[in-house]
Amino acid sequence: MRRVTIYDTMSREARVFAPIAPPRVGLYVCGLTPYAPAHVGHGRTFVVFDVVVRALRHWGYRVFSVQNVTNLDDKLIARAAEEDDDPLQLAERNFAAFRRSMTELGVTSVDYYPFATDYVPEILQQVRMLVDRGYAYVADDGSVYFEVAKFPAYGRLSGQKLSQLQPGARVEVDARKRAPEDFVIWKAAVPGEPSWESPWGPGRPGWHIEDTAMTGRLLGARYDLHGGGADLIFPHHESEIALSESATGEAPMVNYWIHVAFVIFQGEKMSKSIGNVLDLQAAIEGVGPGALRFYYLNAHYRSPLDLVPDRSLAEAREAYDRLAQPARRIEEILARDGAERSGDPIPAELAAASDELIDRLDDAMADDFNSREAIALLFGWTRRLGELLEGLDHLSGDGLTALAEPYRWAQEVLGLFVERAAGDARELERVVPVLIAARSRARARGDYAEADRIREELGAAGIRLEDGAAGTRWSLADPH
RNA sequence: GCCGAGGUGGCAGAAUGGUUAAUGCGACGGACUGCAGAUCCGUUUCCUGGGGGUUCGAUUCCCUCCCUCGGCUCCA
């Protein structure tokens with residue numbers, strides 16, 4: 001199996017990936033709290049993990065990928081109250097929209113999206129365990145808190161020293177706590193809000209324990225990979241470690257921590273609470289899912305990605321279209337004639353170069369998922385094929401397939417060029433050439449008014465014509 | 001204050017103890033075209049925050065300073 005290195009936030013270095021029970025790999029990604037529609041920043045994180053899973057599977061690992069949904073929390077309750085709505089239904093709706101966006105973006109690798117409220121028994125069991133073992137205490141109102149002082153390793157993931165934290169820096173200190181760093185794992189019910197019965201009275205789960213209850217159930221006390229946005233390192237992931245390792249007595253909970261850097265927008269992290277957000281679905285519709293996905297993968301996942309308004313996404317679209325150009329033309333021919341079509345062979349050195357390139361692409365990805373490096377290599381291939389482009393029609397099916405291999409690799413591992421497989425142009429393939437032929441006759445006799453009329457009317461119908469040396473080619477005007 | 005990640009050309013963004021520091025966008029020039037667009041080709045040799053140090057050689061390693069972003073119990 002290919003040697004893969006992964007940067008681990010805990011050890012702060014890239015380490016060779018060694019799963020607990022290869023070829024199986026367990027991955028848990030902290031997903032969305034769907035109190036509002038997802039934005040472009042969220043999209044980055046989930047596309048990155050999609051590629052992580054695709055790459056590992058490509059190399060033969062059998063990955064079980066879980067991405068949780070915090071479908072009940074303070075913000076959901078507050079937002080639902082504003083809109084006179086039910087928090088669980090609000091979460092359901094926003095999550096459904098999120099799933100549609102993910103599907104469009106080609107995020108297909110997640111095996112299971114567990115909802116927090118479906119794991120209340122597991123959560124209660126873990127709370128009870130923590131209370132019994134003396135790691136957690138019950139406050140007067142029936143809330144249960146984890147006592148951070150009982151877990152000396154607290155702060156290791158983030159490098160924080162408890163003595164240096166500033167209690168109340170952003171969130172007010174809760175008077176029910178014994179120490180400001182303690183955090184709630186079971187919240188006493190407020191009348192009118194969703195709640196469940198518990199040994200400490202009605203209540204609902206705290207944030208951090210949802211994840212540890214789910215991972216304990218789905219992935220076990222110890223598993224391979226855990227990821228999320230970089231803003232989750234502290235306190236969320238720090239607290240997960242404390243809860244899980246205290247409750248199970250097993251450590252480390254996770255062998256590799258993967259954190260994705262932010263999308264920077266208008267000089268700050270894109271964030272719902274700041275309000276500088278670009279709606280995810282709007283971006284998908286505006287620039288196309290393939291181009292957006294390209295934009296995300298065009299930087300290393302650990303580097304902040306600076307989104308320049310009205311520029312970055314348009315630039316990604318240009319670059320993506322150019323990168324995909326040979327792939328589109330090759331696949332068009334293969335789709336039309338089949339891989340068995342006869343024609344000229346490609347030069348032997350080009351076939352060898354295709355194989356070698358794929359090896360280098362795998363190397364780039366195996367180096368801490370360096371998708372930017374892989375894309376640079378793919379551009380080299382596109383440029384190399386540029387001169388061949390007009391003569392593609394003379395090549396054999398075998399030759400064309402060899403030329404397509406690096407793009408097919410990108411389709412599988414990076415999830416790019418997926419729109420190619422859409423194939424909703426079947427009927428058009430019979431009709432459009434007839435119209436093009438009519439236009440060509442008009443051009444041949446110098447009737448440009450008629451030629452332009454046909455081009456314009458097809459354009460209005462979403463079909464773009466381009467005249468070139470090899471004749472007129474057509475495409476869907478917005479081939480996202 | 002403390003912790004973390006960063007500062008690379010007009011912009012985005014990789015990499016590396018050593019020949020010209022990727023790749024893309026943009027810009028400019030050319031080919032193609034009835035026009036347009038798209039596409040292709042070429043050019044874009046003065047870009048590694050400041051100051052020290054180690055070294056034959058530093059953008060890379062070390063120290064220090066400055067700046068930006070993020071976290072310090074809402075967060076992808």
Side-chain angles (χ1 to χ4, degrees), chain A residues 9 12 29-33 35 38-46 48-49 70 73-75 78 148 155 157-174 177 180-184 206-208 227-236 238-239 259-264 267-274 294-295 298-300 302-308 311-312 314-323 325 329 364 367 370-373 375-380 383 385-390 443 446 448 451-452 455 459 464-470 473 475:
Chain A
T9 307
R12 299 187 206 298
V29 175
C30 284
L32 201 66
T33 302
Y35 74 88
H39 58 65
V40 167
H42 297 121
R44 179 183 193 189
T45 298
F46 303 125
V48 164
F49 283 105
T70 302
D73 81 332
D74 293 350
K75 294 214 161 185
V148 170
L157 179 69
S158 58
Q160 301 276 7
K161 291 188 185 69
L162 281 179
S163 58
Q164 296 292 350
L165 295 178
Q166 292 193 332
R170 283 174 65 181
V171 176
E172 284 193 39
V173 176
D174 187 331
K177 296 177 180 181
E181 65 269 22
D182 294 349
F183 55 87
V184 69
W207 178 30
H208 312 305
D231 48 356
L232 297 179
I233 296 172
F234 188 93
H236 185 52
E238 200 75 76
S239 300
H259 290 101
V260 180
F262 303 118
V263 174
I264 305 295
E268 290 176 284
K269 155 189 161 187
M270 185 178 289
S271 164
K272 283 180 280 198
S273 52
I274 296 169
F294 173 90
Y295 173 70
N298 201 207
H300 189 97
R302 282 190 286 113
S303 299
L305 186 49
D306 202 346
L307 178 63
V308 182
R311 182 169 185 163
S312 297
E315 182 179 315
R317 179 63 195 274
E318 292 300 320
Y320 176 65
D321 281 346
R322 171 149 179 264
L323 181 65
Q325 189 65 28
R329 299 207 181 172
D367 179 13
N370 193 339
S371 56
R372 182 54 182 99
E373 185 66 27
I375 286 173
L377 290 168
L378 288 167
F379 267 110
R383 209 163 55 164
L385 298 194
E387 293 162 342
L388 294 176
L389 232 42
E390 292 303 330
R443 293 173 72 208
Y448 296 119
D452 288 351
R455 182 171 61 191
R464 182 175 57 197
L465 299 190
E466 296 157 18
D467 297 325
R473 72 171 50 254
S475 58

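We name chains A, B, ... by the order of the sequence lines, and we start the count at 1 in each one.
- The side chain of A:Leu32 lies closest to B:A76 when the candidates are B:A76, B:C25, B:A12.
- Every residue two or more places apart in sequence or in another chain that forms a ring-ring contact (aromatic ring centres under 6.0 Å, His included) with A:His42 is listed here: A:His39.
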Intra- and inter-strand pairs of RNA chain B in dot-bracket (Watson-Crick or G-U wobble, both distances under 3.5 Å; | for another strand): (((((((..(((.....[....)))((((((.......))))))....(((((..]....))))))))))))....
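- The two residues A:Leu389 and A:Gln325 make their nearest non-hydrogen contact at CD2-CG, 4.2 Å.
- Whole-Å rounding puts the A:His236 NE2 to B:C72 P distance at 13 Å.
- Of the candidates B:G24, B:U73, B:A12, the closest approach to any side-chain atom of A:Glu181 belongs to B:U73.
- A donor-acceptor pair is defined here as one N or O able to donate and one able to accept, closer than 3.5 Å; no such pair exists between the side chain of A:Arg44 and the backbone of A:Tyr295.
- The two atoms that bring A:Glu181 and A:Val148 nearest to each other are O-CG2, 3.1 Å, heavy atoms only.
- Across the C1' atoms, B:C41 and B:C46 are found 26 Å apart, a figure rounded to whole Å.
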Every protein N/O within reach of nucleotides 19-21 of chain B N/O, cut-off under 3.5 Å:
none

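- Comparing B:C11, B:A76, B:C40 by their closest approach to the side chain of A:Arg322 singles out B:C40.
- Distance NZ (A:Lys177) to P (B:U73): 8 Å, rounded to an integer number of Å.
- Within 4.0 Å (heavy atoms only), A:Ser312 reaches no atom of the nucleic acid at all.
- Residue A:Gly41 is classed as a base contact, given a heavy-atom separation below 4.0 Å to a base.
- For A:Ser239, the side chain to side chain contact (heavy atoms under 4.5 Å, CB included) partners at least two apart in sequence or on another chain are A:Tyr154, A:Phe183, A:His208, A:Pro235.
- You'll find a donor-acceptor pair under 3.5 Å spanning the side chain of A:Glu315 and the base of B:G24, going by distance alone.
- For the C1' atoms, the distance linking B:A14 with B:U48 amounts to 12 Å, nearest Å.
- Scanning both residues, A:Ile264 and A:Pro304, for their nearest heavy atoms gives CG1-CB, 4.0 Å.
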Just the atom pairs and distances: protein N or O near nucleotides 14-18 of chain B's N or O, under 3.5 Å.
from, atom 1, to, atom 2, distance (Å)
B:A14, OP1, A:His300, N, 2.6
B:A14, OP1, A:Ser303, OG, 3.0
B:A14, O3', A:Asn370, ND2, 3.4
B:A14, O2', A:Glu373, OE1, 2.8
B:A15, OP1, A:Asn370, ND2, 3.0

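- Residue A:Ile233 contributes atom CD1, which lies 9 Å from atom P of B:A5 at whole-angstrom precision.
- The side chain of A:Met270 approaches B:A76 more closely than any other nucleotide in the set B:U23, B:C25, B:A76.
- Between A:Leu307 and A:Val40, the closest heavy-atom pair is CD2-CG1, 4.4 Å.
- Listed by chain and residue number, A:Tyr320 satisfy the ring-ring contact (aromatic ring centres under 6.0 Å, His included) test with A:Phe294 (two or more places apart in sequence, or in another chain).
- Looking at heavy-atom distances under 4.0 Å, A:Gly227 makes no contact with the nucleic acid at all.
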Just the atom pairs and distances: protein N or O near nucleotides 34-37 of chain B's N or O, under 3.5 Å.
from, atom 1, to, atom 2, distance (Å)
B:G34, N1, A:Asp452, OD1, 3.1
B:G34, N2, A:Asp452, OD2, 3.2
B:C35, O2, A:Arg455, NH2, 3.3
B:C35, N3, A:Arg455, NH1, 3.3
B:C35, N3, A:Arg455, NH2, 3.4
B:C35, N4, A:Asp467, OD2, 3.1
B:A36, N1, A:Arg455, NH1, 3.2
B:A36, N3, A:Arg455, NH1, 3.2
B:G37, N1, A:Asp467, O, 3.0
B:G37, N2, A:Asp467, N, 2.9
B:G37, N2, A:Asp467, O, 3.4

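- Not counting sequence neighbours, A:Thr33 has no partner by the side-chain hydrogen bond (donor to acceptor under 3.5 Å, both in side chains) test.
- Heavy atoms of A:Leu305 sit under 4.0 angstrom from primed sugar atoms or phosphate atoms, though from no base atom.
- Phosphate contact (OP1/OP2 of B:G71, side-chain N/O of A:Lys269, threshold under 4.0 Å): present.
- Nearest heavy atom pair, residue A:Ser371 against residue A:Ala299, reads OG-O, 3.7 Å.
- Backbone-only engagement by A:Glu268 is indicated by non-hydrogen atom pairs under 4.0 Å involving sugar-phosphate atoms exclusively.
- Regarding A:Leu388, its CG atom lies at a distance of 11 Å from the C1' atom of B:C40, rounded to whole Å.
- Residues A:Phe46 and A:Val29 meet the side-chain proximity criterion, which asks for heavy atoms closer than 4.5 Å.
- Here A:Ala230 lies out of heavy-atom contact (under 4.0 Å) with every strand.
- Residue contacts shown for A:Leu232 are limited to sugar-phosphate atoms, with no base heavy atom under 4.0 Å away.
- Nearest nucleotide to the side chain of A:Glu387, out of B:C41, B:G71, B:G13: B:C41.
- Position along RNA chain B of the nearest nucleotide to A:Gly228 versus A:Arg383 favours A:Arg383 as the more 5'-ward residue.
- Residue A:Gln160 contributes atom CD, which lies 9 Å from atom P of B:C3 at whole-angstrom precision.
- Contact between the side-chain N/O atoms of A:Ser158 and the OP1/OP2 oxygens of B:C72 is not found at any separation under 4.0 Å.
- Note: CZ (A:Phe379) to C1' (B:G26) measures 14 Å, nearest angstrom.
- Listed by chain and residue number, A:Glu238 satisfy the side-chain hydrogen bond (donor to acceptor under 3.5 Å, both in side chains) test with A:Ser158 (two or more places apart in sequence, or in another chain).
- Contact annotation for A:Val263: base contact, defined as any heavy-atom pair under 4.0 Å involving a base atom.
- Within 4.0 Å (heavy atoms only), A:Thr9 reaches no atom of the nucleic acid at all.
- Residues A:Thr45 and A:Gly229 come closest through the heavy atom pair CG2-N, 4.1 Å.
- Partners of A:Arg302 under the side chain to side chain contact (heavy atoms under 4.5 Å, CB included) rule, at least two apart in sequence or in another chain, are A:Tyr7, A:His300, A:Asp368.
- With rounding to whole Å, A:Tyr295 atom OH is found 10 Å from B:A12 atom P.
- Applying the side chain to side chain contact (heavy atoms under 4.5 Å, CB included) criterion to A:Glu315, with sequence neighbours excluded, gives A:Arg311.
- In this structure, A:Phe49 has no ring-ring contact (aromatic ring centres under 6.0 Å, His included) partners at least two apart in sequence or on a different chain.
- Looking at A:Asp367 and A:Glu373, their side chains never come closer than 4.5 Å, going by heavy atoms from C-beta outward.
- Between the P atom of B:C69 and the CG atom of A:Leu307 lies a distance of 16 Å, rounded to the nearest Å.
- Among the protein residues, A:Gly380 comes within range of no part of the nucleic acid, since none of its heavy atoms lies under 4.0 Å from any strand.
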